[in-house]
2 protein chains.
Amino acid sequence: MLNQTPPLDRVFHALADPSRLAMVERLGQGPAPVSELAQPLSMSLPAVLQHLGVLEAAGLIRSHKQGRVRICALEIQTLGRLDAWLAAQKSEWERRLDRLGDYLDAIARSDA
Amino acid sequence: MLNQTPPLDRVFHALADPSRLAMVERLGQGPAPVSELAQPLSMSLPAVLQHLGVLEAAGLIRSHKQGRVRICALEIQTLGRLDAWLAAQKSEWERRLDRLGDYLDAIARSDA
DNA sequence: GGAGTAGTTAGGCAAATGCTTAACCAAACG
DNA sequence: CGTTTGGTTAAGCATTTGCCTAACTACTCC
């Protein structure tokens, strides 16, 4: 249970490792136990756990214990934060294109 | 001029630093010289240049020299790659919700 | 042409990162 | 209950990262 929202750069950082990216993609298809997430990766289990810790700290996943099995699940709203950030950049970019369009229109009009 | 597309994790990594994130956001509003990008950051110019190198290697920006001034500009299509990745995760997630919805419908029907 | 300005390169350092092994804990199973 | 399985913790190491300073190059301006 996180008390605060991790900064965006920490979310990007969590996705900045191929193994962590792969695990997030797998979890997009549904919750999975640690051992399943670890299976395709050629690394030790403590290394996998460390990666999962990074993802959890970034708010990208959450996990709970079921007996001796730890189930991990994606936190989709954190991906939504990335989406929102991208949308903000896109709208800023489109505003620029609009202004450029207006400028080109004004030039065409003053030429006609 | 990059010969190959940087892997997604390298793009995420490039955004995983607050200073680099801030510079990308600034460039969303239009091209800017290095000195302007450096101004709000409290760090040495070589450090700024190193960060810009990371962004350029990740395909997020491109730059060119105008006399002694280096102008940097955003590569919006690389942000589009992130968008596409997020969209893929979202559609996977929504497919899961649809399947859950179907399952719940089937239960409601067999109860009626 | 000299001084100032904008950037570039090289080398170095401390901290962070991404692994490892070893030892341990806890649940499940026969 | 003993063994197996799934995970956890701690410590350590090599590499990477994110800075720095110093020295340099190149352009602009007077």
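Letters A, B, ... are given to chains in the order of the sequence lines, protein chains preceding strands, and every chain is numbered from 1. Basis for what follows: all heavy atoms, side chains included, without hydrogens, waters or symmetry-related copies. Fair warning: this is a prediction, and the values are worked out from it, not measured in the lab.
Classification of Asp83(B) and Lys90(A) as a salt-bridged pair holds, one side-chain N sitting under 4.0 Å from a carboxylate O.
Comparing the axis of the opening five pairs of the helix from dG1(C)-dC30(D) to dG30(C)-dC1(D) with that of the closing five pairs yields an angle of 30°, rounded to 10°.
With rounding to whole Å, Arg70(A) atom CZ is found 13 Å from dT9(D) atom C1'.
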Scoring nucleotides 18-30 of chain D by protein non-hydrogen atoms under 4.0 Å (B base, S sugar-phosphate only, - none) yields SBBBB----BS--
Going through the distances and angles, do His13(B) and Val54(B) end up as a side chain to side chain contact (heavy atoms under 4.5 Å, CB included)?
CA-CA 9 Å; His13(B) 167 260; Val54(B) 173; 4.2 Å; yes
How far apart are the C-alpha atoms of Glu25(A) and Trp85(B), what are their side-chain angles, what is the distance that settles it, and do they pass the side chain to side chain donor-acceptor pair (under 3.5 Å) test?
CA-CA 9 Å; Glu25(A) 285 170 346; Trp85(B) 181 81; 2.7 Å; yes
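Of all heavy-atom pairs between Cys72(B) and Val34(B), the closest is SG-CG2, 4.1 Å. When all heavy atoms are compared, the tightest approach of Ala38(A) to Val48(A) is CB-CG2, 3.8 Å. Glu75(B) approaches Gly59(B) most closely through the heavy-atom pair CB-O, 3.2 Å. Heavy atoms only, all atoms of each residue included: Asp9(A) and Leu21(B) are closest at N-CD2, 4.0 Å. Between Arg26(B) and Gly30(B) the shortest heavy-atom distance is NH1-O, 2.9 Å. Residues Asp17(B) and His51(B) share a closest heavy-atom pair of OD2-CE1, 3.4 Å.
The nucleotide range of DNA chain C contacted by chain A, defined by atoms under 4.0 angstrom from heavy atoms of the protein and reported 5' to 3', is dT17(C) to dA28(C).
No chain of hydrophobic side-chain contacts below 4.5 Å, direct or via other Ile, Leu, Val, Met, Phe, Trp or Tyr residues, connects Ile61(B) to Val69(B).
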